[in-house]
Amino acid sequence: MPTKKPLIAIVDDDQSMREATTGLMRSLGFDAEAFSSADHFLAFPRLRDTDCLVTDIHMPGMSGLELHRRLVDLGVSMPTVLITAYPNENLRARGLSPDIVGYLEKPFGEQELLTCIRSALERHPR
């Protein structure tokens with residue numbers, strides 16, 4: 001019986017970043033879905049099947065940090081990698097929680113992201 005591929009959700013309002021990250025995840029053997037906003041992700045029918053969330057912090061509407069908090073409020077424990085083009089130590093410190101498994105500054109390397117995702121999958125196996 002084939003093993004289920006981990007599902008990685010990418011939430012970023014930057015289309016090129018979203019497409020590049022989704023393509024990378026798929027090329028590495030993950031199942032990946034992309035969303036242009038937090039609200040689109042929250043409406044995803046497979047939300048609770050998501051193994052790891054990669055989300056931009058700064059987005060119009062709901063930020064990546066607010067999205068993570070909304071998931072916690074909904075009772076959904078999901079390992080999350082926060083990404084940003086505007087690093088801020090205050091935001092980084094506020095984002096620290098057991099489910100935040102990475103904080104990456106754009107542009108980040110493939111290996112950095114993969115390390116975060118593997119850590120997420122090891123710490124939060126389904």
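Note that these values count all heavy atoms, side chains included, but never hydrogens, waters or copies made by symmetry.
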Quick one: does [X]'s side chain get under 4.5 Å of [Y]'s, heavy atoms only?
X	Y	value
Lys4	Asp49	no
Leu42	Leu74	yes
Ile57	Tyr103	yes
Asp31	Arg46	yes

- Item | With sequence neighbours excluded, residues passing side chain to side chain contact (heavy atoms under 4.5 Å, CB included) with Ala9 |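 Side chain to side chain contact (heavy atoms under 4.5 Å, CB included) check on Ala9 returns Phe35, Phe41, Thr50, Leu53.
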
- Residue list, side chain to side chain contact (heavy atoms under 4.5 Å, CB included) with Asp13, at least two apart or on another chain: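 In terms of side chain to side chain contact (heavy atoms under 4.5 Å, CB included), with neighbours along the sequence ignored, Asp13 is linked to Asp56, Met59, Pro60.
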
- Enumerate the residue pairs fulfilling ring-ring contact (aromatic ring centres under 6.0 Å, His included) with a member in residues 10-30, sequence neighbours excluded, ordered by first and then second residue. none

- Residues that Thr55 engages under side-chain hydrogen bond (donor to acceptor under 3.5 Å, both in side chains), provided they are two or more places apart: none

- Residues which pass side-chain hydrogen bond (donor to acceptor under 3.5 Å, both in side chains) with Thr84, listed by chain and number, not counting sequence neighbours: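 Scan of Thr84 (side-chain hydrogen bond (donor to acceptor under 3.5 Å, both in side chains), adjacent residues dropped) gives none.
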
- Message: Would Asp99 and Ser77 count as a side-chain hydrogen bond (donor to acceptor under 3.5 Å, both in side chains) here? Give the steps.
- Response: CA-CA 7 Å; Asp99 287 341; Ser77 176; 3.2 Å; yes

- Message: For Arg26 versus Ala32, what's the shortest heavy-atom pair and its separation?
- Response: NH2-O, 2.6 Å

- Query: What about Ile10 and Leu28, same hydrophobic cluster or not, with Ile/Leu/Val/Met/Phe/Trp/Tyr joined at side-chain heavy-atom distances under 4.5 Å?
  - Reply: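 In one cluster with Ile10: Leu28, yes.
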
Side-chain atoms of residues 15-24: list all donor-acceptor pairs with protein atoms under 3.5 Å, sequence neighbours left out, distances to 0.1 Å.
from, atom 1, to, atom 2, distance (Å)
Gln15, NE2, Glu19, OE2, 2.8
Ser16, OG, Asp14, OD1, 2.8
Arg18, NH1, Asp12, O, 2.6
Thr21, OG1, Met17, O, 2.8
Thr22, OG1, Arg18, O, 2.7

Ignoring hydrogens and angles, write down the donor-acceptor pairs under 3.5 Å from the side chains of residues 107-120, residues two or more places apart or on other chains.
from, atom 1, to, atom 2, distance (Å)
Glu112, OE1, Gly109, N, 2.7
Thr115, OG1, Gln111, O, 2.9

- Please answer whether the main-chain N or O of Ile8 pairs with a side-chain N or O of Asp51 as donor and acceptor at a distance below 3.5 Å.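 Such a contact is absent between Asp51 side chain and Ile8 backbone.
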
